[in-house]
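The next block holds one structure in the form of C-alpha cells; read it before the comments.
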Number of protein chains: 2
Amino acid sequence: MEKLRSFLKKYIPQSDVEDLIGSFHKVRKLKKRTYLLKPGQDCSFLAFVKKGTFRVFFYDGEGTEVTVWFSWEGMMIGDLLAFYKQSRAIFYVQAVEDAEISIVNGKELERQYASNPEYLEFGRRYAEHVSINVMERMLSLQTKSAEERYLELLANPGYMKNIPLKYIASYLGITDTSLSRIRKNIS
Amino acid sequence: MEKLRSFLKKYIPQSDVEDLIGSFHKVRKLKKRTYLLKPGQDCSFLAFVKKGTFRVFFYDGEGTEVTVWFSWEGMMIGDLLAFYKQSRAIFYVQAVEDAEISIVNGKELERQYASNPEYLEFGRRYAEHVSINVMERMLSLQTKSAEERYLELLANPGYMKNIPLKYIASYLGITDTSLSRIRKNIS
DNA sequence: CCGATTTCTTGCCATTTGGCAAGAAAAACC
DNA sequence: GGTTTTTCTTGCCAAATGGCAAGAAATCGG
C-alpha cells in the first residue's frame with residue numbers, strides 16, 4: 001500500500017490517509033489484453049494501478065480504435081469521463097500488460113468524503129489535477145503537429161516503451177501509417 | 001445575483017449558497033477588446049460572467065494567436081489552467097464584447113471551503129465539470145476533422161454569433177483561411 | 001522451436017490543411 | 001458619412017496526413 005499512500009499524500013499531504021487507503025479494498029489482477037471495463041457497464045469506481053499499464057479507448061464512427069488515455073503504475077485508472085458524468089461506461093479500459101489494481105467504489109468514496117472533509121479535498125484536488133492534464137493534452141492536440149506531439153511523448157521517461165505503436169498513433173490522433181512515416185523522418 | 005445563485009446551485013443544489021455568493025464581491029466592467037488577464041499576472045481568482053463574452057488565448061511559438069476557450073454569460077472565466085496549477089497567468093483573457101463580471105479571490109474561496117465543507121463540494125464538482133468539458137473538447141480535437149468540429153460548434157445555440165471567425169478558426173486548431181474554405185464547402 | 005497472429009513499414013495516390021498575398025467585405029472610428 | 005482598420009475570402013501551390021494493400025518484422029502461444 002506504500003505507493004497508494006504516497007499517491008494520496010500528493011493531494012492532501014497534511015492528512016492521515018489510512019481510512020481512505022482502507023476503502024481501496026477490492027484487489028484485482030488482469031491479464032494482458034483483458035478488460036477492466038466495457039461500454040455500458042457500471043463504472044462508478046476508481047482503481048489505483050499497483051502494477052502494469054492500462055489504456056482507455058473506443059471505436060469511432062468508422063469502427064477505428066481510438067486510444068484516449070494511458071495509465072501506468074502509481075496512477076488511477078477507470079472511465080473517468082463516465083465516472084464524473086455519473087453515467088454508464090463510455091469507453092473500454094484494457095490492460096496493456098499483466099496488471100494489478102486496488103479498487104474503491106464510488107459510493108464508498110462518497111461515504112469517505114462525508115465522514116472526513118479532508119478527503120473531500122482530495123476529491124477536489126484530484127479533479128483539478130485531471131483538469132490540468134487534460135487541458136495540456138488538449139492544447140497539444142490543438143496547436144502541435146503530429147510529429148511534435150510524438151516527440152513530446154518520447155521526451156517522457158520510458159513510459160511508452162511497451163506500448164504498441166498503433167495505440168500510440170491513435171492516441172496522437174493519427175493513423176499507424178502516418179506514425180510510421182513520422183518515425184522514419186525522425187531517424 | 002440571481003444568475004450566480006443558479007450557477008452555484010447547479011453544483012450544490014442542497015446547500016445554502018448565500019455566503020458563497022457574498023464572496024464574489026468584487027465587480028468589474030470591461031470594454032470590448034480589453035484584458036482581464038495577461039500572462040505573468042496574478043490570476044488566483046475566478047470570475048462569474050454576468051454579461052458579455054470572453055476568450056482565453058495565447059501566442060504560439062510562431063507568434064500566431066491561439067484561442068483556447070470561450071466563456072459566455074452565466075459561466076466562469078479566468079486562467080483556469082494557471083489557477084489550478086497555482087502559477088502566474090499563462091494566457092490572455094480578453095473581453096470579446098463589453099462585459100461585466102463578479103470576482104472571487106482564490107484565498108477568499110479557500111476560506112469559504114474551510115468554513116463550510118459543502119462549499120468544498122462545490123469546488124470538487126466544478127473541477128469535475130471542467131474535466132468533463134475539457135475531455136470532450138480533447139476527444140473532438142483528437143478524432144474529428146476540422147469541418148466536423150466546426151459543425152459541432154454551429155449545432156450549439158447562437159453562442160458563436162458575435163465571435164470573429166478568426167478566433168473560431170484558431171479555437172478549432174486551423175487557420176482562418178482553412179475555415180473560410182470549410183464554410184464555402186458547407187454552403 | 002515453429003506456425004499463427006499481430007504489428008509495423010512502404011509505395012502509390014487522394015484529401016485535408018497550410019502559407020502567402022491580394023482584394024472584397026465588414027466593422028470601427030471620428 | 002466617409003476614412004481607416006480589421007476581418008474574410010480566394011487563387012496558387014506546398015506540406016501533412018490518410019486509405020489501401022502487400023510484404024516484412026515482431027510477438028504470441030503452445
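Atom CG of residue Asp16(B) and atom CG of residue Leu8(B) lie 11.0 Å apart, to the nearest 0.5 angstrom. In this structure, CD on Glu108(B) lies 10.0 Å from CZ on Phe24(B), to the nearest 0.5 angstrom.
We find that Lys107(B) and Glu110(B) are not joined by a salt bridge, their nearest charged nitrogen and carboxylate oxygen being 4.0 Å or further apart. Ion pairing of Glu97(B) with Lys161(B) is absent here, as no side-chain N (NZ or NE/NH1/NH2) approaches a carboxylate O to less than 4.0 Å. A salt bridge links Glu2(B) with Arg5(B): at least one charged nitrogen is closer than 4.0 Å to a carboxylate oxygen. Between Lys85(A) and Glu128(B), no side-chain nitrogen of the basic residue sits less than 4.0 Å from a carboxylate oxygen of the acidic one, so the salt-bridge criterion is not met.
The CD1-P distance, from Ile163(B) to dT7(D), rounds to 13 Å in whole Å. Taking atom NZ of Lys31(A) as the reference point, atom P of dC28(D) lies 13 Å away to the nearest angstrom. The distance between atom CG of Leu141(B) and atom C1' of dT17(C), rounded to the nearest whole Å, is 15 Å. To the nearest angstrom, P of dT17(C) lies 15 Å from CD1 of Ile174(A). Taking atom NZ on Lys161(A) and atom P on dA26(D), their separation rounds to 18 Å, with Å as the unit. Distance CG (Leu151(A)) to P (dA16(D)): 13 Å, rounded to an integer number of Å. Distance Glu148(A) CD to dG18(C) C1': 14 Å, rounded to the nearest Å.
Annotation: Tyr119(B) is not in aromatic contact with Tyr113(B) [ring centroid separation under 6.0 Å not met]. A distance below 6.0 Å separates the ring centres of Tyr59(A) and Tyr92(A).
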What one-letter contact string describes nucleotides 24-30 of chain C from 5' to 3', where B marks a base within less than 4.0 Å of any protein heavy atom, S marks contact via sugar-phosphate atoms alone, and - marks no contact?
----S--
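Aromatic ring orientation, Tyr126(A) versus Phe122(A): parallel (interplanar angle below 30°, classes split at 30° and 60°).
For DNA chain D, the neighbouring residues in residues 178-187 of chain A, judged by any heavy atom under 4.0 Å, are Ser178(A), Arg181(A). Near DNA chain D, meaning a heavy atom under 4.0 Å from it, residues 54-68 of chain A has no residue at all.
The environment of NZ in Lys26(A) is sparse: at most 12 heavy-atom neighbours from other residues, nucleotides or ligands sit within 6.0 Å.
Dashed line: the shortest gap from a side-chain N or O of Ser145(B) to OP1 or OP2 of dT16(C) is not under 4.0 Å. Contact check, Thr177(A) against dG18(D): no side-chain N or O comes under 4.0 Å of OP1 or OP2.
Taking 4.5 Å as the limit, some side-chain heavy atom of Glu65(A) sits within range of a side-chain heavy atom of Tyr167(A).
Between dT7(D), dT9(D), dT17(D), one nucleotide has an atom nearer to the side chain of Asp176(B) than all others, and that is dT9(D).
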